[in-house]
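Notes for the one structure printed next.
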Amino acid sequence: MYRTHHCNELRKRHIGQQVTLAGWVHVSRDHGGVIFIDLRDREGLTQVVFRPEENAELAKQSHSLRSEDVIRVTGKVAPRVAGTGNPKLATGDIELLPSELEILNRAADLPFPLDTEISNEDLRLTYRYFDLRRPRFARNLRLRHQAAKATRDYLDGQGYIEVETPILSKSTPEGARDFLVPSRLAPGKFYALPQAPQQYKQLLMVAGVEKYFQIAKCFRDEDLRADRQPEFTQIDIESSFAEPDDIFALTEGMLAAVFKATRKIEIKTPFERLTYREAVGRYGSDKPDRRFRMELVDFGEDFKSSSFKVFRGALDAGGVVKAINAKGFASLTIGQSDELTEIAKNFGAKGLAFIKVENGEWKSPIVKFFTAEEKAALQSKLEVAEGDLILFAADKWDIACEVLGRLRLRIAEYQKLLEGNEQLDFLWVTDFPLLQWSAEDNKWNAVHHPFTRPKTEDVPLLDAQKFGEVRAEAYDVVLNGVEIGGGSIRIHEPELQEKMFGVLGVNAEEQQVMFGHLLRAFRLGAPPHGGIALGLDRLVMLICGEQSIRDVMAFPKNNRGIDLMSQSPADVDQRQLRDLGIKLAGEKNA
RNA sequence: GGAGUCUUAGCUCAAUUGGUUAGAGCGCCGCCCUGUCACGGCGGAGGUUGCGGGUUCGAGCCCCGUAGACUCCGCCA
């Protein structure tokens with residue numbers, strides 16, 4: 001046996017035993033005579049003590065040990081000298097007095113220290129295998145494993161079977177940009193890496209699998225963010241003969257199992273539900289963070305005959321007047337005020353109207369336009385008090401809501417409303433719109449995806465071409481303001497699917513070329529079905545309390561999609577390109 | 001594609017209004033140190049201040065450009 005115990009195992013009861021440990025030199029404290037080594041493995045630390053009077057030869061050797069050298073020591077477990085125990089260490093009551101020392105591998109000078117946090121992410125990603133030795137990452141990787149295992153165990157218990165679907169797949173229009181893989185056997189043709197196993201899982205429903213899941217790698221060639229990587233992992237689930245309530249209950253049970261396995265906590269189920277209209281109307285977001293209030297309040301009725309033209313104009317044009325009360329934030333700085341105005345403009349507002357309540361006075365350039373009744377309405381609905389900051393948005397519903405929603409989040413950050421907050425606020429957002437007008441493409445696009453089922457009662461709206469009003473049988477699950485998953489009941493009838501493609505501007509011929517397999521499948525007895533996909537990375541990020549999914553992936557890419565460790569993407573050999581029938585279109589500087 | 005912040009020793013940071021030879025801690029090297037646990041003490045090496053240009057008697061600091069990193073917007077069915 002290479003070792004008899006790990007480094008977080010030895011206790012008082014082992015005193016006197018002969019043991020062998022292996023691991024990394026975490027730190028060495030060399031007193032010239034006696035030398036202390038904290039030996040580390042993934043489980044923890046054990047102090048190893050070399051004493052010249054016990055073994056002069058070994059002690060001499062031990063002076064050369066440096067941080068991160070890999071060693072094996074064999075010796076006797078001994079009690080610590082009275083009064084020198086270390087209560088901070090689980091193994092702090094004992095130490096190892098070695099009779100053998102084997103240096104398995106020396107470590108060169110370290111690129112950065114492991115015992116302090118460093119901010120240079122470039123360097124950390126370049127030496128990712130080294131950075132991962134930090135206990136924080138050891139913990140994150142382990143939590144990720146436990147989350148995945150709990151997911152599999154739970155779904156297995158519910159009768160779901162894991163089926164793998166192809167990574168070499170087919171490019172589809174709409175959605176994210178695909179990663180393409182050139183085909184050697186069919187020159188000029190390309191596979192695409194799946195953005196999600198969406199079509200395959202629906203075809204598995206047609207295949208009679210009934211209950212499918214997969215912890216699936218997905219690929220999207222879009223710009224990166226703290227919570228977006230070009231390759232990421234979804235918990236992908238699909239069930240035949242399922243209604244939304246079935247998917248909700250399954251997801252809730254699964255998340256409960258995951259949080260139990262990882263954080264050892266019971267989460268409250270079922271989750272609350274909000275419709276899309278409610279969520280956006282009250283929080284200015286379809287993934288509301290409800291851990292603080294600052295809700296959007298509607299003042300349409302109160303200002304419908306206002307003499308303040310900005311509000312009146314918005315209402316007359318069919319828009320809304322809404323406000324939030326940032327309690328106690330009247331003292332914001334000029335810089336903060338400027339940034340809030342900037343945010344408002346960024347999301348489509350023409351300006352940002354506000355009231356500061358200071359010294360019992362409403363300080364604002366617009367208060368003079370308000371009647372006593374209007375002021376009274378603001379006062380009571382917003383519970384205005386000394387020190388408050390009221391912010392207004394008067395615009396089309398979606399713009400006003402988004403502006404205030406974004407301001408709400410930024411102000412919460414300024415005010416540190418979530419500092420130390422341990423709450424887990426899960427909710428469902430339901431009844432998403434089915435379609436969204438794209439000015440850029442000059443057509444209607446699917447909000448979720450083209451296979452999403454319209455709500456049955458809204459199908460007449462679809463026929464009446466009132467596309468903006470059609471609601472989808474689609475839902476998102478949100479945790480603390482982060483969308484951790486989304487899904488829908490799907491279309492299983494070929495006629496409805498063709499109609500949907502038609503609305504999306506995919507003509508009959510294109511439908512056959514791109515989705516013929518799916519439409520043919522639907523003609524061979526496709527059961528009603530629906531499902532959900534959860535972002536495993538984001539979920540684990542929240543479980544670990546991290547700010548970025550990079551911190552819960554073993555080998556993430558940087559902001560520009562580059563793996564700094566392996567330097568990919570990289571040039572390829574000309575011969576490889578020739579095999580694929582690919583010629584690069586002009587070198588950049590040629 | 002756009003906006004913001006940042007870039008000084010291997011790492012984390014400092015350097016007054018633009019002013020002498022750019023400093024400190026950690027790490028590294030050498031010497032000393034027998035109960036530490038962020039061990040301690042003495043000494044040493046280590047810098048084209050991201051890069052290019054400009055203003056100035058003089059630039060780490062001001063200006064312009066450029067590269068890179070991160071965060072956000074666009075984008076992400």
Side-chain angles (χ1 to χ4, degrees), chain A residues 26-39 45-54 59 63 66-68 78 80-89 91-92 95 107-127 131 171-178 194-196 198-199 218-230 232 335 338-339 342-343 345-348 402 406 409-410 413 434-436 438 440-441 444-452 472 474 483 486 488 500-501 504 506 533 535 547-548 550 558-560 562 564:
Chain A
H26 191 62
V27 68
S28 72
R29 294 178 290 278
D30 187 341
H31 289 240
V34 68
I35 177 167
F36 301 95
I37 300 288
D38 286 343
L39 188 65
L45 295 174
T46 299
Q47 176 164 282
V48 181
V49 185
F50 294 91
R51 283 199 295 227
E53 66 270 26
E54 305 255 342
H63 289 299
R66 296 286 174 273
S67 287
E68 302 305 317
R80 294 268 185 115
V81 174
T84 66
N86 185 350
K88 284 188 275 183
L89 235 49
T91 59
E95 59 198 15
D109 286 357
L110 310 183
F112 50 84
L114 286 179
D115 56 356
T116 49
E117 290 282 322
I118 72 160
S119 53
N120 188 338
E121 269 191 83
D122 246 27
L123 192 69
R124 292 176 50 193
L125 287 173
T126 304
Y127 295 93
D131 204 31
S171 182
T172 50
E174 303 210 56
R177 193 176 295 113
D178 285 315
Q195 298 175 24
Q198 181 62 36
Q199 291 182 52
C218 304
F219 306 85
R220 294 178 190 176
D221 188 9
E222 296 291 350
D223 286 359
L224 288 77
R225 288 283 191 283
D227 62 354
R228 267 168 31 194
Q229 284 270 307
F232 60 99
D338 288 349
E339 197 189 332
E342 194 58 35
I343 290 172
K345 287 185 175 164
N346 229 324
F347 290 95
E402 174 158 35
R406 296 280 180 167
L409 291 175
R410 190 72 187 99
E413 246 176 84
L434 182 72
L435 298 157
Q436 187 178 17
S438 164
E440 195 187 336
D441 300 339
W444 290 92
N445 282 336
V447 167
H448 189 47
H449 57 53
F451 317 111
T452 304
E483 178 200 325
S488 61
M500 184 69 186
F501 282 138
L504 295 170
V506 184
Q547 298 294 311
S548 168
R550 280 170 224 174
N558 78 359
N559 225 2
R560 299 206 308 166
I562 295 168
L564 289 167

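To find a chain, count down the sequence lines: A is the first, B the second, and so on, and within it residues start at 1. Nothing here was measured: the structure is a model prediction, and the numbers come from that model.
- At the heavy-atom level, A:D115 lies nowhere under 4.0 Å from the strands shown.
- Residue contacts for A:R406: at a heavy-atom cut-off of 4.0 Å it reaches the sugar-phosphate backbone alone, with no base atom in range.
- For B:A9, there is no paired nucleotide, since no Watson-Crick or G-U wobble pair has both relevant distances below 3.5 Å.
- A 3.5 Å limit on both hydrogen-bonding distances identifies no Watson-Crick or G-U partner for B:C61.
- Residue ring and nucleobase are stacked for A:H31 and B:C39, with a centre distance beneath 5.5 angstrom and an angle between planes beneath 30°.
- Judged by distance alone, with hydrogens and angles left aside, A:R80 brings a side-chain donor or acceptor within reach of the base of B:U36, the pair sitting under 3.5 Å.
- Contacts of A:R560 with the nucleic acid, taken as non-hydrogen atoms under 4.0 Å apart, involve only primed sugar atoms and P, OP1 or OP2.
- Separating the P atom of B:G46 from that of B:A9 is a span of 15 Å, rounded to the nearest Å.
- Of the inter-residue distances, the one linking A:T46 atom OG1 with A:H26 atom NE2 reads 12.0 Å to the nearest 0.5 angstrom.
- Evaluation of atom-type donor-acceptor distances gives no pair under 3.5 Å for the side chain of A:D122 against the base of B:G68.
- Nucleotides B:U17 and B:A24 have their C1' atoms positioned 24 Å apart, rounded to a whole Å.
- Among the atoms of the strands shown, none is found under 4.0 Å from any heavy atom of A:Q199.
- Among the atoms of the strands shown, only primed sugar atoms or phosphate atoms (P, OP1, OP2) are found under 4.0 Å from some heavy atom of A:F347.
- In A:E53, the CD atom is crowded: over 12 heavy atoms of neighbouring residues, nucleotides or ligands sit closer than 6.0 Å.
- A distance of about 25 Å separates the P atoms of B:C76 and B:G68, rounded to the whole Å.
- Taken to the nearest 0.5 Å, the CG atom of A:D227 stands 9.5 Å off from the CD atom of A:E483.
- The gap from the P atom of B:C26 to that of B:G43 amounts to 13 Å, rounded to the nearest Å.
- Annotation: the span from A:Q47 atom CD to A:R80 atom CZ amounts to 4.0 Å, rounded to 0.5 Å.
- Across all strands shown, B:U56 forms no Watson-Crick or G-U wobble pair with both distances under 3.5 Å.
- Checking A:N445, A:T172, A:L504 one by one against A:P450, the side-chain contact (heavy atoms from CB on, under 4.5 Å) holds for a single residue, A:L504.
- Across all strands shown, B:U66 forms a Watson-Crick or G-U wobble pair with B:G50, both key distances being under 3.5 Å.
- Position along RNA chain B of the nearest nucleotide to A:L125 versus A:Q198 favours A:L125 as the more 5'-ward residue.
- In this structure, CG of A:D178 is placed 12 Å from C1' of B:C76, rounded to the nearest angstrom.
- The listed nucleotides are B:C70, B:C37, B:A38; the one nearest the side chain of A:R29 is B:C37.
- An OP1 or OP2 oxygen of B:A38 is reached within less than 4.0 angstrom by a side-chain nitrogen or oxygen of A:K88.
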Practice item. Dump the intermediate steps for side-chain contact (heavy atoms from CB on, under 4.5 Å) on A:R66 and A:L110, then the final yes or no. Key: CA-CA 10 Å; A:R66 296 286 174 273; A:L110 310 183; over 6 Å; no
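- In this entry the distance linking CZ of A:F36 with P of B:G40 reads 14 Å, nearest Å.
- Taking atom CG of residue A:N346 and atom P of nucleotide B:C72, one finds them 14 Å apart after rounding to whole Å.
- Note on A:R410: nothing from the nucleic acid sits closer than 4.0 angstrom, heavy atoms only.
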Between the protein and nucleotides 8-12 of chain B, list the N/O to N/O atom pairs that are separated by less than 3.5 angstrom.
| residue | atom | partner | partner atom | Å |
| --- | --- | --- | --- | --- |
| B:G10 | O2' | A:P111 | O | 2.8 |
| B:U12 | OP1 | A:N120 | N | 3.2 |

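- Among the heavy atoms of the strands lying under 4.0 Å from A:E53 is at least one base atom, whether or not backbone atoms are also near.
- Annotation: A:E222, atom CD; neighbour count of heavy atoms from other residues, nucleotides and ligands within 6.0 Å is above 12.
- Distance check, rounded to the nearest 0.5 Å: CD of A:Q198 to OG of A:S488 gives 6.5 Å.
- Under the 6.0 Å cut-off for aromatic ring centres, A:H31 and A:F36 qualify, their centroids lying closer than that.
- Across the strands present, B:C28 finds its partner in B:G44; the criterion is a Watson-Crick or G-U wobble pair with both atom distances under 3.5 angstrom.
- The residue A:Q195 sits apart from the nucleic acid: no heavy atom pair falls under 4.0 Å.
- Rounding to the nearest 0.5 angstrom, the gap separating the CZ atom in A:R410 from the CZ atom in A:R406 is 12.5 Å.
- Comparing B:C28, B:C72, B:U34 by their closest approach to the side chain of A:P52 singles out B:U34.
- Between the P atom of B:C75 and the CD atom of A:E440 lies a distance of 7 Å, rounded to the nearest Å.
- B:G41 sits 35 Å from B:U48 when the C1' atoms are compared, rounded to a whole Å.
- When rounded to the nearest whole Å, the span between CD1 of A:I343 and P of B:G2 equals 21 Å.
- Residue-to-nucleotide proximity on RNA chain B shows that, of A:A226 and A:G83, the 5′-proximal contact is made by A:G83.
- Comparing the same atom, P, in B:C61 and in B:G40 gives a spacing of 36 Å after rounding to whole Å.
- A:G348 comes within 4.0 angstrom of nothing in the nucleic acid, heavy atoms only.
- The nearest whole Å value for the distance from the CG atom in A:N558 to the P atom in B:U7 is 19 Å.
- Evaluation of atom-type donor-acceptor distances gives no pair under 3.5 Å for the side chain of A:R66 against the base of B:G27.
- In this structure, A:D221 atom CG and B:G74 atom P are separated by 18 Å, rounded to whole Å.
- Checking B:C33, B:C37, B:G74 against every side-chain atom of A:D223, the shortest atom distance belongs to B:G74.
- One finds no side-chain N or O of A:R124 lying less than 4.0 angstrom from the OP1 or OP2 phosphate oxygen of B:A69.
- No more than 12 heavy atoms of other residues, nucleotides or ligands shown are found within 6.0 angstrom of OH on A:Y127.
- Judged by distance alone, with hydrogens and angles left aside, A:R228 brings a side-chain donor or acceptor within reach of the base of B:C75, the pair sitting under 3.5 Å.
- As a whole-Å value, the separation of A:L224 CG from B:C72 C1' is 14 Å.
- Atom OG of A:S28 sits about 12.0 Å away from atom CG of A:L39, to the nearest 0.5 Å.
- Nucleotides B:U66 and B:C28 place their C1' atoms 34 Å apart, quoted to the nearest Å.
- Across every strand in view, B:A38 sits unpaired, with no contact that passes the Watson-Crick or G-U test at under 3.5 angstrom.
- For B:A69, neither phosphate oxygen OP1 nor OP2 lies less than 4.0 angstrom from any side-chain nitrogen or oxygen of A:N559.
- A distance of about 22 Å separates the C1' atoms of B:U8 and B:G44, rounded to the whole Å.
- Base pairing annotation: B:G18 forms no Watson-Crick or G-U wobble pair, as no partner gives both donor-acceptor distances under 3.5 Å.
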